[in-house]
Colleague: 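A single structure is presented below for examination.
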Amino acid sequence: MEFKTINIKGKDYVPVNERLKYFRQVYKEWSLTTEIVELTGDSCVVKATIRDKEGRERASGFAQELQGSSYINKTSYVENCETSAWGRALANLGIGIEKSIASANEMFNVKLQDK
């Protein structure tokens with residue numbers, strides 16, 4: 001499968017939605033679940049776990065987002081954190097990575113912080 005990519009700072013990154021579509025098509029009997037590890041008024045930590053059809057953990061990923069750290073995080077830092085955790089878990093499974101595990105969202109945040 002050819003993944004659609006986003007170019008950020010001269011590097012191509014596969015967005016989480018592309019990784020997720022591939023996962024749902026290829027790993028139809030596997031699951032992707034999330035757990036909020038920590039949630040405060042200004043921070044969120046989420047763990048995403050991928051399990052095979054027998055329930056064995058095959059990959060996981062953590063993400064942390066701070067409320068207000070980006071435009072989207074002003075109102076949706078929990079949702080954004082979940083998406084980032086999915087992206088890391090899917091990357092740790094080997095989906096949509098070539099040279100980096102970082103998601104496009106993470107790289108976009110790096111780009112914003114460089115300003």
Side-chain angles (χ1 to χ4, degrees):
M1 175 179 185
E2 183 86 12
F3 292 107
K4 293 179 186 175
T5 61
I6 297 172
N7 187 290
I8 299 174
K9 288 190 157 191
K11 294 185 180 181
D12 288 332
Y13 291 92
V14 178
V16 175
N17 69 315
E18 289 292 311
R19 296 176 192 190
L20 187 57
K21 284 192 298 189
Y22 178 85
F23 174 76
R24 295 293 184 210
Q25 290 172 359
V26 174
Y27 299 90
K28 292 181 181 183
E29 296 184 26
W30 289 31
S31 66
L32 172 59
T33 59
T34 53
E35 168 191 357
I36 295 177
V37 175
E38 179 180 85
L39 180 59
T40 67
D42 59 0
S43 176
C44 181
V45 177
V46 170
K47 178 184 180 187
T49 304
I50 296 173
R51 296 186 187 279
D52 64 19
K53 65 182 181 177
E54 286 81 30
R56 294 178 296 215
E57 184 173 322
R58 293 302 187 162
S60 64
F62 284 87
Q64 179 181 24
E65 295 289 344
L66 302 176
Q67 185 179 33
S69 63
S70 67
Y71 178 76
I72 190 105
N73 280 3
K74 288 180 183 178
T75 60
S76 303
Y77 71 108
V78 176
E79 296 88 335
N80 195 31
C81 191
E82 181 179 47
T83 302
S84 294
W86 288 346
R88 295 195 69 76
L90 292 164
N92 287 334
L93 189 63
I95 298 174
I97 59 171
E98 292 295 322
K99 298 178 184 175
S100 174
I101 289 180
S103 70
N105 288 343
E106 291 170 313
M107 293 310 300
F108 183 72
N109 286 337
V110 167
K111 187 175 179 180
L112 286 177
Q113 292 170 7
D114 282 349
K115 292 181 179 184

Colleague: Residues two or more places apart in sequence or in another chain: which of them pass ring pair (Phe, Tyr, Trp, His ring centres under 6.0 Å) with Tyr77?
Modeller: none
Colleague: Within the 4.5 Å heavy-atom criterion, are Tyr22 and Leu93 side-chain neighbours or not?
Modeller: no
Colleague: Quick check: is Phe3 connected to Leu32 through a chain of hydrophobic side chains (ILVMFWY, heavy atoms under 4.5 Å apart)?
Modeller: yes
Colleague: Arg51 versus Trp30: any side-chain heavy-atom pair under 4.5 Å?
Modeller: no
Colleague: Please report the closest heavy-atom contact between Ala63 and Ala85, naming both atoms and the distance.
Modeller: CB-N, 3.5 Å
Colleague: Assess the residue pair Ser43 and Glu65 against the criterion (side chain to side chain donor-acceptor pair (under 3.5 Å)); give the C-alpha distance rounded to whole Å, side-chain angles, the decisive distance to 0.1 Å, and a yes or no.
Modeller: CA-CA 6 Å; Ser43 176; Glu65 295 289 344; over 6 Å; no
Colleague: Is the backbone N or O of Arg88 less than 3.5 Å from a side-chain atom of Asn92, with the two atoms forming a donor-acceptor pair by type?
Modeller: yes
Colleague: Other than Leu66, which residues form its hydrophobic cluster under the rule that side-chain heavy atoms must be closer than 4.5 Å?
Modeller: none
Colleague: Can you get from Trp86 to Tyr27 by hopping between Ile, Leu, Val, Met, Phe, Trp and Tyr side chains that sit under 4.5 Å apart?
Modeller: yes
Colleague: Kindly indicate, with the supporting measurements, whether the criterion side-chain contact (heavy atoms from CB on, under 4.5 Å) is fulfilled by Ile36 and Val45.
Modeller: CA-CA 6 Å; Ile36 295 177; Val45 177; over 6 Å; no
Colleague: Counting distance only, does the side-chain N/O of Arg19 pair as donor-acceptor with the main-chain N or O of Val14 below 3.5 Å?
Modeller: yes
Colleague: Show the numbers, then the answer: is there a side-chain contact (heavy atoms from CB on, under 4.5 Å) between Glu79 and Thr83?
Modeller: CA-CA 6 Å; Glu79 296 88 335; Thr83 302; 5.5 Å; no
Colleague: Would you sort out whether Asn73 and Ser69 count as a side chain to side chain donor-acceptor pair (under 3.5 Å), showing the intermediate values?
Modeller: CA-CA 6 Å; Asn73 280 3; Ser69 63; 3.1 Å; yes
Colleague: Using every non-hydrogen atom in the two residues, find where Ala89 and Ala59 come nearest and quote the distance to one decimal.
Modeller: O-CB, 3.6 Å
Colleague: For Glu54, is the CD atom crowded, meaning more than 12 foreign heavy atoms sit under 6.0 Å from it?
Modeller: yes
Colleague: In terms of hydrophobic clusters joined by side-chain contacts under 4.5 Å, are Val26 and Val16 together?
Modeller: yes
Colleague: Any heavy-atom pair between the side chains of Val46 and Phe62 that's under 4.5 Å?
Modeller: no
Colleague: Quick one: do Glu82 and Thr34 satisfy side chain to side chain donor-acceptor pair (under 3.5 Å)? Show the steps, please.
Modeller: CA-CA 7 Å; Glu82 181 179 47; Thr34 53; 2.7 Å; yes
